[in-house]
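Everything numeric here is computed off the predicted structure, so don't read it as measured data. Residue numbers count from 1 along this sequence. Below, all heavy atoms of this structure are taken into account, side chains as well, without hydrogens, waters or symmetry copies.
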Amino acid sequence: MKLIIIHAHIKVKPDCRLDFLERTKELVKQSQAEEGNISYKLYEDTEDSNTFVMVEEWKDEDAVAYHFETPHFKDFGKLSEELLQEPPHVIKYDAAPQ
């Protein structure tokens, strides 16, 4: 079994920053409650304004696949089109569980 780590780099339109942060709260909360989630957190870049990274840890590929089908993830995808400067840059890592 491989642990899955995802870094989603997000650039938010400057005038949408507060709206993005408010709407992201529900995504984070519901994603953290998913059975296969180990960690799900949003961090802001201190050097690049309105740039964030969502750092996610999942127990396996099945947990990631389930997450991608949840209403909260799909809703976030729809709203991100209006709030983001560009599509998120997503990097996925396979890691051995410790």
Side-chain angles (χ1 to χ4, degrees):
M1 176 171 63
K2 290 184 181 177
L3 177 71
I4 307 299
I5 300 169
I6 297 174
H7 292 179
H9 298 267
I10 303 165
K11 291 189 178 265
V12 178
K13 295 175 185 173
D15 59 333
C16 296
R17 182 181 184 283
L18 294 177
D19 193 19
F20 169 80
L21 289 171
E22 187 59 36
R23 292 183 186 199
T24 304
K25 286 179 187 178
E26 193 61 29
L27 171 70
V28 170
K29 179 181 172 185
Q30 290 190 31
S31 297
Q32 289 172 340
E34 291 177 41
E35 186 176 324
N37 182 258
I38 298 166
S39 178
Y40 201 100
K41 297 188 181 212
L42 178 69
Y43 297 95
E44 184 171 9
D45 189 322
T46 59
E47 295 178 5
D48 192 358
S49 184
N50 299 312
T51 300
F52 300 85
V53 63
M54 190 76 72
V55 178
E56 311 169 27
E57 294 180 31
W58 300 94
K59 72 175 190 174
D60 56 28
E61 286 286 351
D62 290 340
V64 174
Y66 175 83
H67 173 64
F68 288 162
E69 294 302 317
T70 60
H72 54 272
F73 180 80
K74 288 183 175 184
D75 288 347
F76 182 75
K78 291 175 192 170
L79 80 88
S80 67
E81 293 174 9
E82 66 189 64
L83 302 178
L84 304 186
Q85 289 184 4
E86 59 191 52
H89 174 69
V90 179
I91 304 169
K92 185 172 128 184
Y93 307 92
D94 294 334
Q98 294 184 6

Could you tell me whether the side chain of [Y] reaches within less than 4.5 Å of the side chain of [X], counting heavy atoms only?
X   : Y   : result
E56 : K41 : no
K25 : L21 : no
W58 : E34 : yes
Y93 : I91 : yes
V53 : I10 : no
S31 : H72 : yes
R17 : E44 : yes
N50 : K13 : no

Are the side chain of Q85 and the backbone N or O of K11 linked by a donor-acceptor pair below 3.5 Å?
no
Indicate yes or no for a side-chain donor-acceptor contact from D48 to the backbone of T51 under 3.5 Å, with no hydrogens or angles considered.
no
D60 versus I4, closest heavy-atom pair with distance
C-CG1, 3.7 Å
Can you see which heavy atom on F73 is nearest to which on L27, and at what distance?
CA-CD1, 4.0 Å
Would a hydrophobic clustering, with Ile, Leu, Val, Met, Phe, Trp and Tyr connected at side-chain separations under 4.5 Å, put L84 with V90?
yes
Can you check whether H9 and F52 have ring centres sitting under 6.0 Å from each other?
no
Among all residues two or more places apart in sequence or in another chain, which pass the side-chain hydrogen bond (donor to acceptor under 3.5 Å, both in side chains) test with K92?
E61
Those residues that, when tested against K78, pass side-chain hydrogen bond (donor to acceptor under 3.5 Å, both in side chains) (two or more places apart)
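Listed in chain order: nothing, the list is empty.
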Sequence neighbours excluded, which residues qualify as ring pair (Phe, Tyr, Trp, His ring centres under 6.0 Å) partners of F76?
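For F76, no residue satisfies ring pair (Phe, Tyr, Trp, His ring centres under 6.0 Å) once neighbours in sequence are set aside.
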Y40 vs H67, side chain to side chain contact (heavy atoms under 4.5 Å, CB included): CA-CA, chis, key distance, verdict:
CA-CA 11 Å; Y40 201 100; H67 173 64; 3.5 Å; yes
Between N37 and Y66, is the side chain to side chain contact (heavy atoms under 4.5 Å, CB included) condition met? List the steps.
CA-CA 10 Å; N37 182 258; Y66 175 83; over 6 Å; no
Could you go through the side chain to side chain contact (heavy atoms under 4.5 Å, CB included) check for I6 and M54 one step at a time?
CA-CA 8 Å; I6 297 174; M54 190 76 72; over 6 Å; no
Look at atom CD of E35 and say whether more than 12 heavy atoms of other residues, nucleotides or ligands are closer to it than 6.0 Å.
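Atom CD in E35 is not crowded, with 12 or fewer foreign heavy atoms closer than 6.0 Å.
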